[in-house]
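Worksheet for the structure shown next.
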Amino acid sequence: MSPKTTKKSATAKAAAASPAVADDLKVILAETVQLYILTYNVHWNVTGPLFQPVHLLTETQYTELALAVDEVAERIRTLGQKAPAGFKAYQKLGSIADGDENASAEEMVKSLVDAHAHLAARIRPVIGKAAEVHDEVTAGLLTDRLQAHEKAGWMLGAMLA
């Protein structure tokens, strides 16, 4: 059996075993997009003494989130399902609230800390589900996403200490 055939077989097996995992990924995708938009809200609208550090950090974070959106969506497609791609779908699937462009810098940063913690909590059980069905690629992707959300939350939270 050629490596290419083996790779296709592994992907096909993961897709067959992972419809629930793909459905969970759709929620993670929706909430990643919601966090991306929330991060832009903070980036564009933060004011006060925290402006410079928050503005710079959120630029790094929304750039990373844009890549994450693509990776999660492509994993959903690899598992044989369509990736949700509209705001109505994201509103239905996700639960990260819109930002308040008039909030204080501290409130804005806290909303990002909370959103990253929410996504981290959403991701943790899905890593286990993916591992149970031997979908190591999804488990690895989500482990990387978990690490990114934990680090982002820590960095933002340090601004509030």
Side-chain angles (χ1 to χ4, degrees), residues 18 20-79 81 83-133 135-161:
S18 300
V21 172
D23 287 342
D24 289 336
L25 285 174
K26 291 176 185 179
V27 176
I28 291 166
L29 174 63
E31 292 183 339
T32 302
V33 170
Q34 290 170 332
L35 176 56
Y36 175 76
I37 293 167
L38 178 62
T39 303
Y40 258 118
N41 174 61
V42 173
H43 178 77
W44 291 328
N45 294 305
V46 68
T47 58
L50 288 178
F51 171 80
Q52 187 67 24
V54 171
H55 189 77
L56 292 173
L57 182 56
T58 55
E59 183 172 357
T60 300
Q61 291 180 348
Y62 71 66
T63 301
E64 190 276 333
L65 285 165
L67 297 172
V69 166
D70 191 52
E71 289 174 349
V72 174
E74 288 179 356
R75 187 65 192 154
I76 293 166
R77 294 296 294 134
T78 301
L79 294 175
Q81 295 195 26
F87 288 113
K88 286 182 184 176
Y90 298 146
Q91 287 174 329
K92 182 179 176 185
L93 291 166
S95 60
I96 293 178
D98 285 341
D100 177 1
E101 62 270 6
N102 297 309
S104 70
E106 291 80 7
E107 291 168 328
M108 288 181 172
V109 170
K110 176 82 168 81
S111 72
L112 289 175
V113 169
D114 292 346
H116 281 286
H118 173 84
L119 256 167
R122 170 86 66 200
I123 288 168
R124 273 188 194 92
V126 184
I127 293 170
K129 276 188 188 179
E132 286 173 14
V133 297
D135 183 354
E136 291 82 8
V137 175
T138 299
L141 169 66
L142 292 177
T143 300
D144 291 345
R145 295 303 321 134
L146 178 59
Q147 180 181 17
H149 290 298
E150 287 180 344
K151 183 176 180 180
W154 162 68
M155 293 179 84
L156 290 159
M159 290 182 167
L160 300 175

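One is the number of the first residue; the rest follow in order along the sequence.
Counting heavy atoms from C-beta outward, Ile76 and Val72 have side chains that approach closer than 4.5 Å. Side-chain contact between Asp144 and Glu71: absent, with no pair of heavy atoms (C-beta onward) separated by less than 4.5 Å. Side-chain contact between Gln81 and Leu25: absent, with no pair of heavy atoms (C-beta onward) separated by less than 4.5 Å. Counting heavy atoms from C-beta outward, Ile123 and His149 have side chains that approach closer than 4.5 Å. Residues Ile28 and Thr32 are in side-chain contact: their nearest non-hydrogen atoms beyond the backbone lie under 4.5 Å apart. Looking only at side-chain heavy atoms (C-beta outward), Arg145 and Leu65 come within less than 4.5 Å of each other.
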Under 3.5 Å, sequence neighbours excluded: what are the donor-acceptor pairs made by side chains of residues 88-97?
{"residue": "Tyr90", "atom": "OH", "partner": "Pro84", "partner atom": "O", "Å": "3.0"}
{"residue": "Ser95", "atom": "OG", "partner": "Glu31", "partner atom": "OE2", "Å": "2.8"}
{"residue": "Ser95", "atom": "OG", "partner": "His118", "partner atom": "NE2", "Å": "3.2"}

Could you give the side-chain donor-acceptor pairs of residues 104-113 under 3.5 Å, partners two or more places apart or in another chain?
{"residue": "Ser104", "atom": "OG", "partner": "Glu107", "partner atom": "N", "Å": "3.1"}
{"residue": "Ser104", "atom": "OG", "partner": "Glu107", "partner atom": "OE1", "Å": "3.3"}
{"residue": "Glu107", "atom": "OE1", "partner": "Ser104", "partner atom": "N", "Å": "2.9"}
{"residue": "Lys110", "atom": "NZ", "partner": "Asp114", "partner atom": "OD1", "Å": "2.7"}
{"residue": "Lys110", "atom": "NZ", "partner": "Asp114", "partner atom": "OD2", "Å": "3.1"}
{"residue": "Ser111", "atom": "OG", "partner": "Met108", "partner atom": "O", "Å": "2.6"}

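Under the 30°/60° scheme for interplanar angles, the aromatic rings of Tyr62 and His43 are found to stand perpendicular.
Distance CD/Glu59 to CH2/Trp44: 12.0 Å, rounded to 0.5 Å. To the nearest 0.5 Å, atoms CG (Leu29) and CG (Asp70) are separated by 9.5 Å. Atoms CD1 and CD, on Ile127 and Glu136 in that order, are 13.0 Å from each other to the nearest 0.5 Å. Between the CG atom of Asp135 and the CZ atom of Arg75 there is a distance of 4.5 Å, given to the nearest 0.5 Å. The OH atom of Tyr36 sits 11.5 Å away from atom OG1 of Thr58, with the distance rounded to the nearest 0.5 Å.
Heavy atoms of other residues, nucleotides or ligands lying less than 6.0 angstrom from CG of Asp98 number 12 at most. More than 12 heavy-atom neighbours from other residues, nucleotides or ligands sit within 6.0 angstrom of CD on Glu64.
Scanning both residues, His116 and Ala152, for their nearest heavy atoms gives CE1-CB, 3.4 Å. Shown here for His55 and Val46, the closest heavy-atom pair between the two residues is N-CG1, 4.4 Å. The two residues Leu35 and Ala115 come nearest to each other via the heavy atoms CD1-CB, 3.6 Å.
Judged as a side-chain hydrogen bond (donor to acceptor under 3.5 Å, both in side chains), and not counting sequence neighbours, the contacts of Arg124 are Glu150.
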